[in-house]
Amino acid sequence: MREKELRRSMSVLPIGTVMKLTDLTARQIRYYEQQELIKPLRNEGNRRMYSLNDVDRLLEIKDYLDDGLNISGIREVYKKQSQLENERKHNLEKGLTDSDVRKILQDEFLNIGGLKPPSSSFEDPNNLNNLNKLNH
DNA sequence: TTTCTGACA
DNA sequence: TGTCAGTA
């Protein structure tokens with residue numbers, strides 16, 4: 001499944017193709033790049049080359065815009081999105097899977113409510129200290 | 001022919 | 001955003 005992601009991130013589409021695929025004008029596509037909503041690579045001739053992920057991103061941007069979101073608002077969405085991705089990555093490096101994190105966070109709430117007595121081992125999801133270990 | 005940057009409306 | 005100019 002990794003192979004698929006690599007292909008989707010390969011920048012091989014010229015702006016003309018992306019225009020047809022997204023129904024956006026070259027002007028708009030370049031403008032969104034200026035606003036850092038997308039970062040297409042450049043080829044030897046300084047021509048922008050887009051990936052399928054970029055196309056998806058542009059279609060998504062179009063939807064957000066229709067929903068009344070402004071450029072900076074969309075920028076925030078992606079900013080927060082990559083932020084969450086990094087947290088997930090860091091947690092993974094610590095050997096914590098997404099479900100581990102969910103379990104720990106859920107138990108945090110139970111502890112805060114005083115419904116369960118705290119313990120000290122890391123393996124014990126009821127330990128409040130686990131929260132600190134989750135952060136960077 | 002297609003795309004790029006900059007500029008003006 | 002649309003469009004035009006002058007390039008690569």
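Below, chain A is the first sequence line, B the second, and so on; all start at residue 1. We use all heavy atoms of the structure for the numbers below, so side chains are in, but hydrogens, waters and symmetry mates are not.
Among the duplex regions that DNA chain B forms, those built from at least three successive Watson-Crick or G-U pairs under 3.5 Å are B:4-9 with C:1-6, ordered by first number.
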Note to self: What verdict does the side chain to side chain contact (heavy atoms under 4.5 Å, CB included) test give for A/Leu13 and A/Leu52, after you've listed the backbone C-alpha separation in whole Å, the side-chain angles of each residue and the deciding distance to 0.1 Å?
What the structure shows: CA-CA 8 Å; A/Leu13 312 172; A/Leu52 292 178; 4.1 Å; yes
Next item on the list: Evaluate the side chain to side chain contact (heavy atoms under 4.5 Å, CB included) criterion for residues A/Tyr64 and A/Leu37: first the C-alpha distance (whole Å), next the side-chain angles of each, then the deciding distance (0.1 Å), finally the verdict.
Entry: CA-CA 12 Å; A/Tyr64 282 137; A/Leu37 264 37; over 6 Å; no
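Checking side-chain atoms of A/Asp100 against main-chain N and O of A/Thr97 turns up a donor-acceptor pair under 3.5 Å.
Here the range on DNA chain C touched by chain A, meaning any atom under 4.0 Å from one of its heavy atoms, is C/dT1 to C/dA8.
Rounded to the nearest 0.5 Å, atoms CD (A/Glu5) and CE (A/Met10) are 13.0 Å apart.
Cation-pi check for A/Arg57 over A/Tyr78 is met; the charged atom lies under 6.0 angstrom from the ring centroid and within 45 degrees of its normal.
Shown are A/Thr17, A/Ile29, A/Val12; of these, the side chain to side chain contact (heavy atoms under 4.5 Å, CB included) with A/Tyr50 is made only by A/Ile29.
For the pair A/Leu59 and A/Asp63, the minimum side-chain heavy-atom distance is 4.5 Å or more.
Considering only residues two or more places apart in sequence or on other chains, A/Asp67 meets the side-chain contact (heavy atoms from CB on, under 4.5 Å) condition with none of them.
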Checklist line | Sugar-phosphate or base contact per nucleotide [nucleotides 2-9 of chain B; S, B, -; heavy atom under 4.0 Å] | finding: BBBB-B--
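Within the structure, salt bridge (charged side-chain N to carboxylate O under 4.0 Å, His left out) contacts touching residues 68-86 of chain A (residues at least two apart or in different chains) do not occur. Sorted by first and then second residue, the salt bridge (charged side-chain N to carboxylate O under 4.0 Å, His left out) pairs with a member in residues 12-36 of chain A read A/Glu33-A/Arg42, A/Glu33-A/Arg48; sequence neighbours excluded.
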